[in-house]
Structure formats: C-alpha cells, structure tokens
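When a ligand or atom number is given, it counts from 1 through the structure's own listing order.
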Amino acid sequence: MASDYERIGGGPAVSAVVDEFYQRLTADDQVSHYFQDVSLPTLKRHQVLMITTILGGPNQYDGRPLDEAHRPLGITEPDYQRVGSHLMSTLQDAGVPDDIQGRVGEALGQVRGSIVTSPS
Ligand code: HEM
C-alpha cells in the first residue's frame with residue numbers, strides 16, 4: 001500500500017509544502033524568532049524531515065533526538081500549537097486528503113512531550 005508520503009506526491013510535493021510552511025513560520029511574529037539564528041538549510045532540513053517522517057516517508061533521519069534538539073529552545077505550548085497549526089493549514093491549502101491530515105495531527109500530538117519544555 002502506498003505510504004501517505006507517496007500518496008501526496010513524494011519529494012516534490014513535500015518540497016512545495018515546505019516552501020509554503022517556511023513562508024508562514026518566518027512571517028509570523030509569534031514564532032519567527034525561534035528560527036532567526038538557524039541557518040536556512042538547517043531550517044529547511046528541519047521541515048523536510050519533520051514532514052517526511054510524519055508522513056511515513058523514507059526514514060533517513062540522522063539528527064539529534066527531538067527532545068535534545070528542542071530542549072535548549074524553551075518552546076511553550078502556545079508556540080508549539082502555533083507551529084502545528086501552520087503545518088496543518090499548509091497541508092489543507094495544498095489539498096492533502098483529510099485522512100492524511102488526521103494522521104499528521106496525531107503524530108504532532110505524539111511528539112508534543114519532546115518539544116514543549118517551557119511553562120506558558
Ligand atoms: C511539532 C513537531 C516538531 C518536530 C517533529 C520537529 C522536528 C525537528 C527536527 C527533526 C529537528 C532537527 C534536529 C537535528 O538535526 O538535530 C528540529 C530542529 C529544530 N526545531 Fe523542530 N520540530 C517540531 C516542532 C518545533 C517547534 C514547535 C519549534 C519552534 C517553535 C521548532 C524549532 C526548531 C528549531 C529552531 C530547530 C533547530 C535547532 C538547532 O539546530 O539547534 N520545532 N526539529
């Protein structure tokens with residue numbers, strides 16, 4: 001059976017989603033500061049890996065564990081929610097089917113504990 005990654009169109013579709021997601025995150029004053037000192041390739045890599053892994057695409061992840069990468073950032077619940085909602089609305093606007101969106105939402109919920117480390 002095709003993975004969600006294959007169903008939405010694989011690498012090129014993920015790249016298009018990442019470009020749009022990037023625009024939304026860096027234009028949003030609530031969360032853009034997290035990404036200010038991060039290099040653009042690192043940021044895009046973050047997003048491609050985030051989306052590919054969440055969609056069940058090829059797991060080529062060789063970065064740090066999520067909790068280690070995010071702990072120093074002191075991410076709050078509202079900021080985590082905000083990034084998640086940008087991702088979901090980007091997928092919606094790209095025409096990604098509802099069942100896939102549902103699984104992405106679930107996956108976001110599952111990693112929440114590794115991402116959010118600061119009281120709101
Ligand atoms: C919700 C699910 C999320 C997932 C699955 C995720 C995934 C990742 C991954 C895979 C990396 C790369 C780690 C590495 O290469 O060592 C990373 C880095 C990063 N993430 Fe996330 N992330 C999420 C949410 C967030 C949120 C909510 C923010 C900010 C509000 C954020 C900000 C960052 C930043 C700034 C980096 C770069 C850190 C550095 O290079 O020092 N992430 N994330």
For this session: For the pair T26 (side chain) and Y22 (backbone), establish whether a donor and an acceptor sit closer than 3.5 Å, ignoring hydrogens and angles.
Result: yes
Problem set entry | Modelled atom types, side-chain donor and acceptor of E106 and Q110, under 3.5 Å | no
Exercise. Between the side chains of T76 and D79, is a donor N or O closer than 3.5 angstrom to an acceptor N or O?
Worked result: yes
Problem set entry | Ion pair R103/D98, N-O distance below 4.0 Å | no
Exercise. Tell me, which residues have any heavy atom less than 4.0 Å from some atom of ligand 1?
Worked result: Y34, F35, V38, T42, H46, M50, Y61, G63, R64, L66, A69, H70, L73, I75, Y80, V83, L108, V111, I115
Exercise. Quick check: does any side chain N or O of E77 sit under 3.5 Å from a backbone N or O of V116, one acting as donor and the other as acceptor?
Worked result: no
Seminar exercise, completed: Between A2 and R7 the two heavy atoms that sit nearest each other are CB-CG, 4.0 Å
